[in-house]
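Have a look at the structure below before the remarks.
The structure displayed is predicted, hence computed values, not measured ones.
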Amino acid sequence: MIEILLVEDNLNDAELAIRALRKNNLANHLLHLEDGQEALDFLFDDKNRMPKLILLDLKMPKVDGIQVLRKLKADERKKVIPVVVLTSSKEESDIVDTYKLGVNAYIVKPVDFDQFVKAVAQLGLFWLLLNQPPIQT
C-alpha cells in the first residue's frame with residue numbers, strides 16, 4: 001500500500017524529501033516516480049490502491065505536473081486525493097493554475113537544506129497524521 005506518491009524528476013530533491021520523511025517515520029509506504037507519465041500510469045492502473053498524499057513537482061519531462069493535476073482532478077474517484085505541489089516555480093501563473101485545478105497546497109522548495117527537510121516533514125505529518133480524509137471507496 002502506497003501512502004505517499006512523490007513525483008519528482010530531480011533526484012537530489014527526491015532524496016532530500018525521502019530522507020526528511022524517513023526521519024519522521026513517514027516513508028515506509030512511499031513510491032518515488034520520476035516524471036508525470038509514470039505518475040499517470042500508476043494512478044490510472046486499477047490494480048494500484050490510491051495514495052493518501054501526492055507530492056507533485058511541476059517542471060518535469062514528458063508530462064508536467066499541471067497535466068498530471070488536470071487529469072487527476074478530472075477523475076471523479078481520484079480528485080479527492082490530496083495533492084501538494086512541491087516545486088521551485090514561483091510563477092504566479094503556476095500558482096493560480098494549480099489552485100484552479102484543485103491543488104490542496106503549493107509549496108516553493110526552500111533552497112536551504114534544513115528548511116527543505118523541515119517543510120517536507122511537516123507536510124507528511126499534517127497530511128498523513130492530522131488531516132482527516134474521506135473514506136475512499
Side-chain angles (χ1 to χ4, degrees):
M1 178 175 92
I2 301 300
E3 289 188 334
I4 299 175
L5 179 62
L6 173 62
V7 187
E8 171 64 69
D9 66 315
N10 182 309
L11 296 180
N12 290 331
D13 286 351
E15 184 56 36
L16 287 179
I18 292 166
R19 285 192 354 214
L21 293 164
R22 202 174 277 147
K23 183 177 179 183
N24 289 279
N25 297 317
L26 298 170
N28 294 339
H29 302 284
L30 179 139
L31 176 62
H32 169 227
L33 300 175
E34 295 182 25
D35 65 59
Q37 187 59 57
E38 287 182 5
L40 290 174
D41 291 347
F42 176 84
L43 291 165
F44 286 90
D45 182 340
D46 290 334
K47 292 179 275 187
N48 296 324
R49 287 202 53 192
M50 291 301 99
K52 291 182 180 178
L53 171 65
I54 299 171
L55 299 177
L56 180 64
D57 187 20
L58 290 185
K59 309 297 184 190
M60 296 182 292
K62 297 182 185 175
V63 176
D64 69 23
I66 290 179
Q67 291 172 293
V68 171
L69 187 60
R70 185 175 285 118
K71 288 187 179 185
L72 186 69
K73 294 301 183 178
D75 185 280
E76 199 59 39
R77 290 187 5 236
K78 293 170 180 56
K79 70 181 181 182
V80 297
I81 302 168
V83 178
V84 174
V85 168
L86 191 58
T87 184
S88 55
S89 174
K90 295 180 182 180
E91 294 176 38
E92 186 66 20
S93 61
D94 285 342
I95 297 168
V96 170
D97 290 348
T98 57
Y99 273 105
K100 282 182 179 178
L101 290 169
V103 77
N104 297 86
Y106 190 104
I107 309 291
V108 176
K109 295 176 193 171
V111 177
D112 176 79
F113 169 78
D114 291 331
Q115 285 182 322
F116 184 77
V117 169
K118 191 175 190 178
V120 171
Q122 289 173 341
L123 285 171
L125 289 168
F126 175 78
W127 288 105
L128 293 183
L129 301 178
L130 297 176
N131 183 55
Q132 181 62 53
I135 296 173
Q136 291 188 5
T137 55

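- Atoms OG and CG, on Ser88 and Asn10 in that order, are 8.5 Å from each other to the nearest 0.5 Å.
- Taking 4.5 Å as the limit, some side-chain heavy atom of Val83 sits within range of a side-chain heavy atom of Ile54.
- The backbone N or O of Lys79 lies less than 3.5 Å from a partner atom in the side chain of Lys73, making a donor-acceptor pair.
- Atom CG of Asp57 and atom CG of Leu33 lie 12.5 Å apart (nearest 0.5 Å).
- When atom types are taken as modelled, the side chain of Asn48 and the backbone of Leu43 share no donor-acceptor pair closer than 3.5 angstrom.
- Of the possible polar contacts, none joining the Asn24 side chain to the Leu26 backbone as a donor-acceptor pair under 3.5 Å is found.
- Nearest heavy atom pair, residue Phe42 against residue Pro51, reads CE2-CD, 4.4 Å.
- Considering all non-hydrogen atoms of both residues, Leu86 and Glu8 come closest at O-OE1, 4.2 Å.
- Hydrophobic clustering (side-chain heavy atoms under 4.5 Å, transitive across Ile, Leu, Val, Met, Phe, Trp, Tyr) keeps Leu72 apart from Val96.
- Tested against Leu55 for a side-chain contact (heavy atoms from CB on, under 4.5 Å), the candidates Ile4, Thr87, Val85 yield a single pass: Ile4.
- For Lys71, the NZ atom sits in a loose shell: 12 or fewer heavy atoms of surrounding residues, nucleotides or ligands are nearer than 6.0 Å.
- Placement of Tyr99 and Leu69 within a single hydrophobic cluster is found when ILVMFWY residues are connected by side-chain heavy-atom separations under 4.5 Å, directly or transitively.
- Between the CD1 atom of Ile2 and the NZ atom of Lys52 there is a distance of 12.0 Å, given to the nearest 0.5 Å.
- A distance of 10.5 Å separates CG of Leu40 from CD of Glu38, quoted to the nearest 0.5 Å.
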Pairs of donor and acceptor atoms involving the side chains of residues 58-67, under 3.5 Å and at least two apart or interchain, shall be tabulated with distances.
from  : atom 1 : to    : atom 2 : distance (Å)
Lys59 : NZ     : Asp94 : OD2    : 3.0
Asp64 : OD1    : Ile66 : N      : 3.1
Asp64 : OD1    : Gln67 : N      : 2.8
Gln67 : OE1    : Asp64 : N      : 3.0

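- Closest approach of Tyr106 and Glu91 over heavy atoms only: OH-O, 4.5 Å.
- In this structure, Leu30 and Ile18 approach most closely via the heavy-atom pair CD2-CG1, 3.8 Å.
- The minimum heavy-atom distance between Trp127 and Asn104, with the atom names listed, is CH2-CB, 3.7 Å.
- Summarising the geometry of Ala14 relative to Leu6, their closest heavy-atom pair is O-CD2, 3.8 Å, with the distance given to 0.1 Å.
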Under 3.5 Å, which donor-acceptor pairs link side chains of residues 114-125 to any protein atom two or more places apart or in another chain?
none

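- Using a 4.5 Å cut-off on side-chain heavy atoms (C-beta onward), Glu34 and Leu11 make contact.
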